[in-house]
Amino acid sequence: MSAATTVARRNTLGRALLYAVLAVFAIAYLMPLYVMLVTSFKPLEEIHQGNMLALPETWTFAPWREAWGSACIGLECSGVHGYFFNSIRIVVPAVLISGLLGAFNGYVLTKWRFRGHKIVFGLVLFSCFIPFQIILLPMARVLGILHIANSTTGLVLVHIVYGIGFTTLFFRNFYESFPDELVRAAKLDGAGFFTIFFRILLPASIPIIVVTIIWQFTNVWNDFLFGVSFTSGDSAPITVALNNLVNSSTGVKAYNVNMAAAMVAAVPTLIVYILAGKYFLRGLMSGSVKG
């Protein structure tokens with residue numbers, strides 16, 4: 001047996017072992033999702049048999065219909081659909097506004113530098129590491145002064161304020177590597193602040209825009225602490241409604257309905273990652289941290 005054949009076999013064996021390990025980890029990671037999905041299609045009597053991993057013997061969409069339109073959350077039995085649309089009304093403006101403000105900040109901090117811009121960036125970077133719990137009381141006070149407490153509008157403002165630090169970091173690092181010569185040439189041609197931003201930098205920022213959207217969408221959609229702290233009743237996001245549904249102490253635990261509601265809450269995030277996930281790593285690489 002030649003040395004080349006031996007090396008090729010070792011490489012094949014090593015690759016097969018690597019794939020086997022990755023497959024084991026993938027199965028372990030996806031198992032909870034599988035259990036949630038199959039449980040959501042089972043009748044309650046079948047769930048009580050105790051075999052979580054078995055496929056449904058009788059497939060039913062009744063748990064999904066109940067979770068969406070008639071499950072009891074607190075004193076209301078109208079399902080999670082209202083809270084689902086609350087989350088959409090929160091996540092869309094929060095992602096768009098925080099992303100746009102972060103892009104402007106990154107633009108100014110790299111292409112229109114001013115005295116002390118490094119200090120400003122350091123303070124913005126510091127804001128990314130402030131724990132959620134620290135800002136609860138000050139933010140509640142601000143929302144009360146603005147008369148938007150316990151509302152989706154107030155929660156949008158909270159996510160915009162907390163998200164600006166991250167979006168600024170993303171765009172600043174991306175624009176740091178953008179050629180300064182293009183900006184100088186545009187200035188010589190008479191282009192102003194907004195013209196350069198909207199016609200030169202922003203069209204070239206698609207990779208980092210995708211990263212920002214995925215990051216912010218995931219954080220805002222999956223948020224529970226801000227939602228439970230700054231909203232109540234019909235203005236709550238779906239994460240709060242899901243918690244109230246699962247922790248209901250009345251009646252028999254409808255695990256199939258709970259799992260269906262959890263899947264409803266998870267679907268938007270899954271869709272975002274499926275549609276834009278392939279651009280996420282590309283955007284991270286192009287927006288890697290610069291000095």
Side-chain angles (χ1 to χ4, degrees), residues 92-146 148 153-220 223 226 230 279-291:
V92 172
V95 170
L96 293 180
I97 296 174
S98 64
L100 183 60
L101 292 177
F104 271 119
N105 291 343
Y107 171 48
V108 171
L109 289 171
T110 55
K111 306 308 176 188
W112 295 79
R113 290 191 173 101
F114 51 90
R115 182 176 297 178
H117 68 91
K118 290 186 178 180
I119 297 176
V120 172
F121 176 67
L123 294 174
V124 171
L125 185 61
F126 176 75
S127 71
C128 297
F129 302 98
I130 298 177
F132 288 179
Q133 294 81 356
I134 291 179
I135 70 171
L136 291 182
L137 291 179
M139 187 60 73
R141 177 62 176 163
V142 171
L143 296 181
I145 293 174
L146 296 176
I148 53 176
T153 303
L155 193 53
V156 168
L157 177 61
V158 172
H159 285 299
I160 290 174
V161 170
Y162 202 85
I164 285 177
F166 291 98
T167 59
T168 299
L169 173 64
F170 293 156
F171 280 97
R172 183 265 182 189
N173 291 337
F174 182 81
Y175 291 149
E176 186 70 29
S177 62
F178 195 87
D180 292 335
E181 291 76 13
L182 291 178
V183 177
R184 295 194 192 100
K187 290 179 181 179
L188 291 176
D189 289 339
F193 178 88
F194 291 103
T195 301
I196 294 174
F197 178 73
F198 284 108
R199 301 192 64 177
I200 299 178
L201 264 74
L202 203 59
S205 305
I206 300 302
I208 204 64
I209 289 174
V210 173
V211 171
T212 303
I213 290 175
I214 292 177
W215 175 272
Q216 276 294 88
F217 185 95
T218 303
N219 284 341
V220 176
D223 167 68
F226 288 158
F230 301 127
Y279 302 103
F280 187 71
L281 183 58
R282 187 186 309 172
L284 286 178
M285 295 296 292
S286 59
S288 58
V289 177
K290 304 288 183 182

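Residues take their numbers from the sequence shown, with the count starting at 1.
One distance of note links CZ of F174 with OG of S205; it measures 5.0 Å at 0.5 Å rounding. Remark: Q216 CD to I164 CD1 distance equals 9.5 Å, nearest 0.5 Å. Atom-to-atom distance recorded for L143:CG and R141:CZ is 11.5 Å, nearest 0.5 angstrom. If you take CD1 on I213 and CZ on F170, they are separated by 12.0 Å, rounding to the nearest 0.5 Å. Taking CD1 of I209 as the start and CD1 of I214 as the end, the distance is 12.5 Å to the nearest 0.5 Å.
Applying the salt bridge (charged side-chain N to carboxylate O under 4.0 Å, His left out) test to R115 and every residue at least two apart in sequence or in another chain returns nothing.
A side-chain hydrogen bond (donor to acceptor under 3.5 Å, both in side chains) with T168 is found for exactly one of N173, N105, T212, namely N105.
Taking the six-membered ring where the residue is Trp, F178 and Y175 present perpendicular rings, their angle passing 60° and hence far from 30°.
Closest of all the heavy-atom pairs between T110 and G106 is OG1-O, 2.7 Å. Between L109 and R172, the closest heavy-atom pair is CB-CG, 4.2 Å. Nearest approach of P93 to V156, heavy atoms of both residues: CG-CG2, 4.0 Å. Between F121 and L169, the shortest heavy-atom distance links the atoms CZ-CD1, 3.8 Å.
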Decide yes or no on side-chain contact (heavy atoms from CB on, under 4.5 Å) for F171 and Y107, but give the supporting numbers first.
CA-CA 7 Å; F171 280 97; Y107 171 48; over 6 Å; no

Determine, step by step, whether Y162 and S98 satisfy the side chain to side chain donor-acceptor pair (under 3.5 Å) criterion, reporting the C-alpha distance in whole Å, the side-chain angles of both residues, the deciding distance to 0.1 Å, and the verdict.
CA-CA 9 Å; Y162 202 85; S98 64; over 6 Å; no

Under the criterion side-chain contact (heavy atoms from CB on, under 4.5 Å), I'd like the reasoning laid out for L100 against T167: C-alpha separation, chi angles, the key distance, then a yes or no.
CA-CA 8 Å; L100 183 60; T167 59; over 6 Å; no

Apply side-chain contact (heavy atoms from CB on, under 4.5 Å) to residues F230 and L157 and explain how you reach the verdict.
CA-CA 11 Å; F230 301 127; L157 177 61; over 6 Å; no

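When the shell of 6.0 Å around CD1 of I145 is examined, it contains more than 12 heavy atoms from other residues, nucleotides or ligands.
A donor-acceptor contact shorter than 3.5 Å is absent between the side chain of T153 and the backbone of I148. Between the side chain of D223 and the main chain of N219, no donor-acceptor pair closer than 3.5 Å is present.
The pair E176-R113 meets the salt-bridge criterion, since a charged nitrogen lies less than 4.0 angstrom from a carboxylate oxygen.
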Please table the atom pairs, donor to acceptor, closer than 3.5 Å between any side-chain atom in residues 179-200 and protein atoms at least two apart or in another chain.
residue : atom : partner : partner atom : Å
D180    : OD1  : K111    : NZ           : 2.5

Give every donor-acceptor pair under 3.5 Å between a side-chain atom in residues 122-133 and any protein atom, sequence neighbours left out.
residue : atom : partner : partner atom : Å
S127    : OG   : V124    : O            : 2.4

